[in-house]
2 protein chains.
Amino acid sequence: MIIVCSGITYIQIQEIGEIYCTFAQNTKKEIFLMAPFYIEQEKFLLSVDCIILGFKKGKLYLLISKRKFEPLKNQDTLMGGFLRSDENLEDTVSRVLYEYTGIKDVYMEQVGTYGSIHRDEGERVISVAYYALINLELFDEELCKKHNARWEELDKVGKLIFDHNQMLEDTIEILRRKAATQPLGFNLLPEKFTLPQLQSLYEAIYQTTLDKRNFRKRILEMDILEKQGDKDKSTSKRGAFYYKFNKEKYDQLLQKGYYFSL
Amino acid sequence: MIIVCSGITYIQIQEIGEIYCTFAQNTKKEIFLMAPFYIEQEKFLLSVDCIILGFKKGKLYLLISKRKFEPLKNQDTLMGGFLRSDENLEDTVSRVLYEYTGIKDVYMEQVGTYGSIHRDEGERVISVAYYALINLELFDEELCKKHNARWEELDKVGKLIFDHNQMLEDTIEILRRKAATQPLGFNLLPEKFTLPQLQSLYEAIYQTTLDKRNFRKRILEMDILEKQGDKDKSTSKRGAFYYKFNKEKYDQLLQKGYYFSL
DNA sequence: GCAAAAGTGTTAGGTGTACACCCATGA
DNA sequence: TCATGGGTGTACACCTAACACTTTTGC
């Protein structure tokens, strides 16, 4: 009998003895053997965990859900999913993001890979963390109920499972460093936004207050915002002008070697 | 007949049909079933690739070896190894580093994880890249011959296999960003080094020339270097004073909230 | 008319950068 | 004594950060 088994070559179980599986790969209906060196290596479960951030009312929010299976069922967790063999890492992230937010084409960035032996209390799992920045206007609230998920204020996030708190911490550090030199904040805002909104976003990211005049001066002289004709009157009687981020202009300036910083 | 197979639950091969393997884990001679959710997930080969950097004679060098197995046998490659189930990611890196350099306790940092479906032409392998900074005085030259390895000048590195050139690029970017705010350059130098040496290291990292007076002023007023009584006379008749990096002092200052930048 | 948020310029102090000459020593 | 790399101080330009008042408009 021929046993074809994708994955690890053998597992040693003393009571039963050793069982060897020859690794084979099925491509276009031909079966050929793997290069010998690969065969002898162990394989691992690989997951992605997503730090999904949104921004509203001057505050950053993290999407948290209740874990659906053991171990640690019903505890707070980041959104995650297992890598599949037909997916790039980013594909898995996109799949998870779409499942939990209903949004495609989300801005995402790798945070790092967490592989401590016992990080997952159930089984050895190596996890690649990605953070994603969400425009909450596009977010599908229905999915929250479906997945038992919620938006938690960033500085009120409690204990998450495994090393998810560490992932979150690392994300914030990367986000701060990155936001200082690249205009990634725009991913957290609607297409049209006001300068007070933008300022409060940066204040949320850096946990500080900024001087209105200095902020406006700096951001406007970068010349990557387009002032719109209409105003947002929801927060004041006078109303604040809408702006749009001009990505083309930004890319042009980058190519010319401009260096942005806030 | 019971088939116990660690890894993927089934592989679909049309000519043969579907074969299912139940996942089992052997711990302390007890065999118990995994949490059901994990069972259904695929497993992957996981490797680490090491970008090993050294510094001598004013230039940065990358350790490169010839790949020992197919595919792409004998082509230039970074040092790498497969993750084992009893290792954390850093353990694997340490093992690889020790194997190729003979040094333990090396400064290392994760670069990122590379998981494109076809990045490895042999088989699906997800690779976590780490860079390591080596004090070349401790390096064991014998190991070069044994592994068919060599130190290649950083800006003369040619085509490496797979996405290793990308990993190298990403490393340099991280190194530059990091070196500007943290004293990691010291890992590339002997315990005792001179200021001209230190300056030429930073010049190598940033591919630029620095003003001697400005550099010395900045680095000395950080107050993390200890001037030694003796001099290095190998590069000039007058000789340059040796300095040592004072890590304790650096950590103290960090705790007080000091922010370093070059 | 008043409350509440939007919008607007100037200045002082500090930081980064450019720059040129003397020193110590071995050959 | 001279060639070679090591070591030192200052002046100016620029950028950052601090600061207060006017405008608009719905109620």
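FYI, side chains are in, hydrogens and waters are out, and symmetry mates aren't considered; it's all heavy atoms of this structure. Every chain is numbered from 1, with letters handed out A, B, ... down the list of sequences. Everything quoted here is computed from the prediction, not taken from an experiment.
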Between [atom2] on [N] and [atom1] on [X], what's the gap in Å once rounded to a whole number?
X: A:Lys233; N: C:dG7; atom1: NZ; atom2: P; value: 11 Å
X: B:Leu198; N: D:dG6; atom1: CG; atom2: P; value: 13 Å
X: A:Tyr242; N: C:dA6; atom1: OH; atom2: P; value: 12 Å
X: A:Leu195; N: C:dG7; atom1: CG; atom2: P; value: 6 Å
X: A:Leu220; N: C:dT8; atom1: CG; atom2: C1'; value: 11 Å
X: B:Leu225; N: D:dG7; atom1: CG; atom2: P; value: 12 Å
X: A:Lys227; N: C:dG7; atom1: NZ; atom2: C1'; value: 9 Å
X: B:Gln197; N: D:dG7; atom1: CD; atom2: P; value: 11 Å

Next item on the list: Give a yes or no on whether the ring-centroid distance for A:Phe193 and A:Phe186 is below 6.0 angstrom.
Entry: yes
Next item on the list: Kindly check if the number of other-residue, nucleotide or ligand heavy atoms within 6.0 Å of NZ (B:Lys57) is above 12?
Entry: no
Next item on the list: Please say whether more than 12 non-hydrogen atoms of neighbouring residues, nucleotides or ligands are located less than 6.0 Å from CG in B:Asp230.
Entry: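 Counting neighbours around CG of B:Asp230, more than 12 heavy atoms of other residues, nucleotides or ligands fall under 6.0 Å, so yes.
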Check: Cation over ring, A:Lys56 on A:Tyr61, under 6.0 Å and within 45°?
Finding: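 Yes, cation above the ring, under 6.0 Å and within 45°.
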Check: Of the candidate nucleotides D:dG6, D:dG7, C:dG7, which contains the atom at the shortest distance from the side chain of A:Phe241?
Finding: C:dG7
Next item on the list: Check every atom of C:dA5, D:dG26, D:dT4 against the side chain of A:Ser236 and return the nucleotide holding the closest atom.
Entry: C:dA5
Next item on the list: Name the residue closer to the 5' end of DNA chain D, choosing between A:Lys237 and B:Lys231 according to the nucleotide with the nearest heavy atom.
Entry: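 Its nucleotide being nearer the 5' end, the pick is B:Lys231.
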Next item on the list: Please work out whether the ring planes of B:Trp151 and B:Phe139 are parallel, tilted or perpendicular, with thresholds of 30° and 60°.
Entry: perpendicular
Check: Aromatic rings B:Tyr202 and B:Tyr206: how do their planes relate, parallel, tilted or perpendicular, breaks at 30° and 60°?
Finding: parallel
Next item on the list: Say whether, by atom type as modelled, one donor and one acceptor occur between the side chain of A:Asp211 and the main chain of A:Asn214 under 3.5 angstrom.
Entry: yes
Margin query: Is it the case that C:dA24 (base atoms only) and B:Arg238 (side chain only) share a donor and an acceptor within less than 3.5 Å, ignoring hydrogens and angles?
Written below: no
Item checked: Contact pattern, 5' to 3', of nucleotides 12-20 of chain D - B, S or - by protein heavy atom under 4.0 Å -> -----BBBB
